[in-house]
Amino acid sequence: MASDVPGKSKEVRLVSYPTDEVTLDNFEVVETALAEPGEGQVVVRNHWMSLGTVYRDQMRPATNIPIPVFQLGQQMWGRTIGTVVESTVPSLVEGDLVEHFNGWREYAVGYAGEFTKRARELFPSPEYFLSNGPTAWRGMVDTAGVQEGDVVFVSGATTGVGCLAGHIAKARGARMVIGSTGSPDKIDFLRKEAGYDAAFDYHAGSVAEMLRDLAPEGITVCFDNVGGNQLEAALQVAAPGARFALCGSLSAQHGENAPRLDLQGLIPRELSLKGFATLHTPDQINDWNTQFSTWLSEDRVSYPRTVAAEEGVAGLPQAVVDLLAGRFSGTALAKLS
Ligand SMILES: NC(=O)c1ccc[n+]([C@@H]2O[C@H](COP(=O)([O-])OP(=O)(O)OC[C@H]3O[C@@H](n4cnc5c(N)ncnc54)[C@H](OP(=O)(O)O)[C@@H]3O)[C@@H](O)[C@H]2O)c1
């Protein structure tokens, strides 16, 4: 091991499946000996990891999400960015910035193929590479086909995905972008930090009525992160021919009811509903990072985010509990070192 790399590394493991709410008892923080890198391997010091509600689904032993779930007592995974501190391969050298999925730990040891080099100069700091932009772009542009003049509704707008979905819609010429969120302070956040024209608190009354007040002629695009009664309301307020990109079902992820579809009401308006699953291909990620960097330099978008944990991996369990309680806005990030 290189002299400046410690022989030990802290990491978080899931020790029990949550029955209802996720609690600190579901996790443990352990310190393990850091393995010597074998042939073809590198050692990476992790800087930042992104957090998402999808972790709740990954903490169930059986789910139908298209990504691996967490195993009890095993290393966990999550989207992370770090710097190579030791390498046995010419393709990655000490000091390279790399994105990977060996998160929840201070140091990662793995084969070079698990780590993708990122152009450090593209952004002001490494956590920009962890934005939810590839998902937001896939939904807003590739799935809903947002275009000039659209009136757009994003449910779950303060999520990491939702904030950038709103920015993308504005940058592509949408006439109006409306978001729903769970509290008055988050309404301010959406208007001031995430480029939204209008926002409402979905607890404050009938979602359909609040949406109709803001978009009397109907919405033409919906980017839905929530499902449930918010999707029902968006369908009621949709203009003929409106396009729906179905991204997530936060309400079901939190145990609420599935939406009831009024088929007789929506068929004559020829609405399109399309789900999408971002598999984050290298091309999708590179295209987004280049676009994001350009828009940032032109001051057309920002990177709405919250630092959910600052004190290294030991702060991750509390950060996940807080995330699931809806305490953050924008992409939730944990500083690992
Ligand atoms: N299709 C894909 O390829 C893809 C890829 C990535 C993520 N996703 C999905 O996209 C959605 C957003 O992901 P994310 O990681 O950006 O989210 P996130 O940042 O983890 O979102 C957290 C926020 O969700 C909101 N929320 C929680 N429970 C809710 C409920 N019952 N109803 C409405 N809002 C609720 C809360 O905001 P409020 O206080 O405003 O309620 C909370 O702050 C998730 O459903 C995720 O699974 C899909």
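Order of appearance sets the numbers: ligands from 1, and atoms from 1 within every ligand.
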Handout entry: Sidechain-backbone polar pair: S293 side chain, L122 backbone, donor-acceptor under 3.5 Å
Key =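 Answer holds: yes.
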Need the ligand 1 atom indices (1-based, order shown) with element for anything under 4.0 Å from a heavy-atom of [X].
X: G248; result: 9 (C), 45 (O)
X: G52; result: 15 (O), 20 (O)
X: G160; result: 16 (O), 19 (O)
X: T278; result: 2 (C), 3 (O)
X: T181; result: 38 (P), 40 (O)
X: G182; result: 38 (P), 39 (O), 40 (O), 41 (O)
X: T158; result: 37 (O), 40 (O)
X: K186; result: 37 (O), 38 (P), 39 (O), 40 (O), 43 (O)

Handout entry: Stepwise side chain to side chain contact (heavy atoms under 4.5 Å, CB included) check, V42 with F115
Key = CA-CA 9 Å; V42 299; F115 301 87; 3.6 Å; yes
Nearest heavy atom to [atom] wins, so pick from [options].
atom: atom 18 (P) of ligand 1; options: T135, T53, V226; value: T53
atom: atom 2 (C) of ligand 1; options: F328, F276, Y202, Y55; value: F276
atom: atom 13 (O) of ligand 1; options: T143, L164, V161; value: V161

Distance-only criterion, 3.5 Å: show the donor-acceptor pairs between side-chain atoms of residues 324-337 and protein atoms not counting sequence neighbours.
unit_1	atom_1	unit_2	atom_2	d
R327	NH1	D322	OD1	2.5
T331	OG1	N132	OD1	2.6
K335	NZ	S337	O	3.3
S337	OG	R45	NH1	3.4
S337	OG	N46	O	2.5

Exercise for the section: Return yes when G156 approaches ligand 1 closer than 4.0 angstrom through a heavy atom, no otherwise. Expected result: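 No, G156 has no heavy atom closer than 4.0 Å to ligand 1.
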Handout entry: 4.0 Å heavy-atom contact, C247 with ligand 1
Key =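 Yes.
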Exercise for the section: State plainly whether the residues R13 and E28 are in salt-bridge range, i.e. N to O under 4.0 Å. Expected result: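 Salt bridge between R13 and E28, a charged N being under 4.0 Å from a carboxylate O: no.
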Problem - Test: E127 and R305 ion pair at under 4.0 Å - result: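 So E127 pairs with R305 through a salt bridge.
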Problem - Test of ring centre spacing under 6.0 Å for F123 and Y303 - result: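 Centroid separation for F123 and Y303: 6.0 Å or greater.
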Exercise for the section: Indicate, as side chain, backbone, both or neither, the part of S249 found under 4.0 angstrom from ligand 1 when only non-hydrogen atoms are considered. Expected result: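 The backbone, only.
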Practice task
Answer with side chain, backbone, both or neither: which part of T159 has a heavy atom less than 4.0 angstrom from an atom of ligand 1?
Solution key: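 Answer for T159: both.
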Practice task
List in chain and number order the residues that pass salt bridge (charged side-chain N to carboxylate O under 4.0 Å, His left out) with E106, two or more places apart in sequence or in another chain; answer none if no residue qualifies.
Solution key: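 If we apply the salt bridge (charged side-chain N to carboxylate O under 4.0 Å, His left out) test to E106, skipping adjacent residues, there are no hits.
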Handout entry: Short side-chain donor-acceptor distance under 3.5 Å, E99 and T116
Key =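 Not at all, the side chains of T116 and E99 share no donor-acceptor pair under 3.5 Å.
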Problem - S125-W48 side chain donor-acceptor pair, cut-off 3.5 Å - result: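 Judged by distance alone, the side chains do not pair up.
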Exercise for the section: With side chain to side chain contact (heavy atoms under 4.5 Å, CB included) as the test, would you mind laying out the steps for M49 and R79 before giving the verdict? Expected result: CA-CA 6 Å; M49 186 177 102; R79 208 168 148 220; 5.8 Å; no
